Undergrad: 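The structure under discussion is supplied below as structure tokens; questions concerning it will follow.
In this chain, numbering begins with 1 at the start of the sequence shown. Predicted, not measured: the structure shown is a model, and the values here were computed from it.
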Amino acid sequence: GSEDDVAWLDVDPRARREIADIVSDETAGLVVCVGPIGSGKSTLLSAIIEAHDREAIHFSTVEDPPEFFPDDVKQVALNEQFATYEQNVEATLRSAAKKILISEVRDKRIAAMLEHHATSAQQLFSTFHAEDTVLALDRLRALKFTIHGMASLRTVFGMRLIPKLCNCAVPVKYDHAFLRTAGFTDDLIRRAELRHPVGCPACNKGFSGRDSIIETLRVNERIRDLIRQAGMAPKSHWADWLGRIRAAALDDGLVPLRVL
């Protein structure tokens, strides 16, 4: 899959490149989307499924509530009269599907099942709540994911829905020192086009609608090696290792949500 295959997705170019790689690759592992309720996590994963050539890929989903997918995606909606969410997840993970979407990692039992299958022969997609892509590792640790399981991560997307500036917004400049304290890199400062809301008859105090922003953490070999080292270090050093992972991710091009 090239970027042209996913050009219709309304996401930033960095996220689009990563999605194109995911669509074209069948390597086993875990792709997760994190963020608060209503941030667009499930919508993004649904769009990734839509981008696949489903004639060549056996795709199944377990969702509560269900999203809307084409008829060629096997979809399991929760009905507690017949089976619990956990039972549906377990049955679907045992299927022949190469790629599976599990709507949410709700607890340690679901996490254990995903870890087992993500480290075997399936590519899994799921969501859970975390502040950002690096802190997703902290959440997985709380769900009793092993370091081996965390190393099966391929990509972590961090999502937010934010108010969208109206066209009446005007250009604004900020002191570079202030922007650096807010997390802007020198490269971002050079490229950023900053605008300030004004307000007009067509908008709500300078904002019109909402837009999605996506933080993309590519778990490459460098990040994966740091995750493994963190697993071998004393638990009291975990926060320090998260800091090292974040620094490496920023060095590799991670753009934090707060500066998108």
Undergrad: Determine whether a donor-acceptor pair (N or O, by modelled atom type, separation under 3.5 Å) exists between the side chain of K41 and the backbone of P36.
TA: yes

Undergrad: Are more than 12 heavy atoms from other residues, nucleotides or ligands located less than 6.0 Å from atom NE2 of H148?
TA: no

Undergrad: Give the C-alpha distance, both sets of side-chain angles, the deciding distance and a yes or no for side-chain contact (heavy atoms from CB on, under 4.5 Å) between M113 and E86.
TA: CA-CA 9 Å; M113 288 190 281; E86 181 180 313; 3.7 Å; yes

Undergrad: May I ask you to test the R180-D186 pair for a side-chain heavy-atom distance under 4.5 Å?
TA: yes

Undergrad: Take atom CG in N167; do more than 12 heavy atoms of anything else shown fall under 6.0 Å from it?
TA: no

Undergrad: Would E18 and T155 count as having a side-chain donor-acceptor pair, cut-off 3.5 Å?
TA: yes

Undergrad: How close do L217 and A249 get, heavy atom to heavy atom, and via which atoms?
TA: CD1-CB, 3.6 Å

Undergrad: With distance as the sole test, does H117 use its side chain to make a donor-acceptor pair with the main-chain N or O of Q122 at under 3.5 Å?
TA: no

Undergrad: V34 and A136: which non-hydrogen atoms are nearest, and at how many Å?
TA: CG1-CB, 3.9 Å

Undergrad: Under a single-linkage definition using a 4.5 Å side-chain heavy-atom cutoff for Ile, Leu, Val, Met, Phe, Trp and Tyr, are L161 and F207 assigned to the same hydrophobic cluster?
TA: no

Undergrad: Step by step, would you call L153 with V32 a side-chain contact (heavy atoms from CB on, under 4.5 Å)?
TA: CA-CA 8 Å; L153 281 168; V32 297; 4.0 Å; yes

Undergrad: Mark yes or no for whether Y85, through its side chain, and E104, through its backbone, hold a donor-acceptor pair below 3.5 Å.
TA: yes

Undergrad: In the single-linkage hydrophobic clustering (I, L, V, M, F, W, Y; side-chain heavy atoms under 4.5 Å), do I214 and L165 co-cluster?
TA: no

Undergrad: Please examine the side chains of L44 and I19, heavy atoms only from C-beta on, and report whether any two atoms are closer than 4.5 Å.
TA: yes

Undergrad: Verify, without hydrogens or angle tests, whether H196 (side chain) and V172 (backbone) share a donor-acceptor contact under 3.5 angstrom.
TA: no

Undergrad: For the OG atom of S152 and the CZ atom of R224, what is their distance to the nearest 0.5 Å?
TA: 8.0 Å

Undergrad: In Å and rounded to the nearest 0.5 Å, what is the CD1 to CD1 distance from I245 to I227?
TA: 5.0 Å

Undergrad: For the residue pair A248 and L226, what are the closest heavy atoms and their distance?
TA: CB-CD1, 3.5 Å

Undergrad: Hydrophobic clusters here meaning ILVMFWY residues chained together by side-chain heavy-atom distances under 4.5 Å, can you tell me if M232 and W241 are in one?
TA: no

Undergrad: Quick one: do R191 and D187 make a salt bridge, cutoff under 4.0 Å?
TA: yes

Undergrad: Quick one: do V219 and M150 satisfy side-chain contact (heavy atoms from CB on, under 4.5 Å)? Show the steps, please.
TA: CA-CA 10 Å; V219 184; M150 289 187 203; over 6 Å; no

Undergrad: List the atom of A111, the atom of F145, and the distance in Å for their closest heavy-atom pair.
TA: O-CE1, 3.2 Å

Undergrad: Check whether any side-chain heavy atom of F128 sits under 4.5 Å from a side-chain heavy atom of R106, and report yes or no.
TA: no

Undergrad: Determine, stepwise, if the pair E90 / R109 fulfils side-chain contact (heavy atoms from CB on, under 4.5 Å).
TA: CA-CA 10 Å; E90 187 170 19; R109 173 63 180 157; 3.5 Å; yes

Undergrad: Checking the side chain of E115 only, and the main-chain atoms of T146 only, is there a donor and an acceptor separated by less than 3.5 Å?
TA: yes

Undergrad: So which heavy atom on G231 is nearest to which on I147, and how close?
TA: CA-CG1, 3.1 Å

Undergrad: Are the side chains of V134 and L242 in contact, using a 4.5 Å heavy-atom criterion?
TA: yes

Undergrad: Once you round to the nearest 0.5 Å, how far does CG of L194 lie from CG of L179?
TA: 6.0 Å

Undergrad: Any side-chain heavy atom of S126 sitting closer than 4.5 Å to one from L114?
TA: yes

Undergrad: Once you round to the nearest 0.5 Å, how far does CG of L45 lie from CD1 of I102?
TA: 11.5 Å

Undergrad: Quick one, R244 and H237 - any side-chain contact, counting heavy atoms below 4.5 Å?
TA: no

Undergrad: Should D252 and R222 count as an ion pair when the cut-off is N to O under 4.0 Å?
TA: yes

Undergrad: Do T133 and E215 meet the criterion of a side-chain donor-acceptor pair at a distance under 3.5 Å?
TA: yes

Undergrad: Taking the side chain as everything from C-beta on, heavy atoms only, tell me whether I189 gets closer than 4.5 Å to Y174.
TA: no

Undergrad: Please name all residues satisfying salt bridge (charged side-chain N to carboxylate O under 4.0 Å, His left out) with R195, sequence neighbours left out, ordered by chain then number.
TA: none

Undergrad: Of the non-hydrogen atoms in H129 and G35, which two are nearest, and what is the gap between them?
TA: ND1-O, 3.0 Å

Undergrad: Between D21 and R154, is there a salt bridge with N-O shorter than 4.0 Å?
TA: no

Undergrad: Is the shortest side-chain heavy-atom distance between K164 and S208 below 4.5 Å?
TA: no

Undergrad: Membership question, hydrophobic clusters at under 4.5 Å side-chain separation (ILVMFWY): are L257 and I162 in the same one?
TA: yes

Undergrad: Tell me whether Q123 contacts the main-chain N or O of L30 through its side chain, where contact means a donor paired with an acceptor under 3.5 Å.
TA: no

Undergrad: Assess whether atom CD of Q229 is packed by more than 12 heavy atoms of other residues, nucleotides or ligands within 6.0 Å.
TA: yes

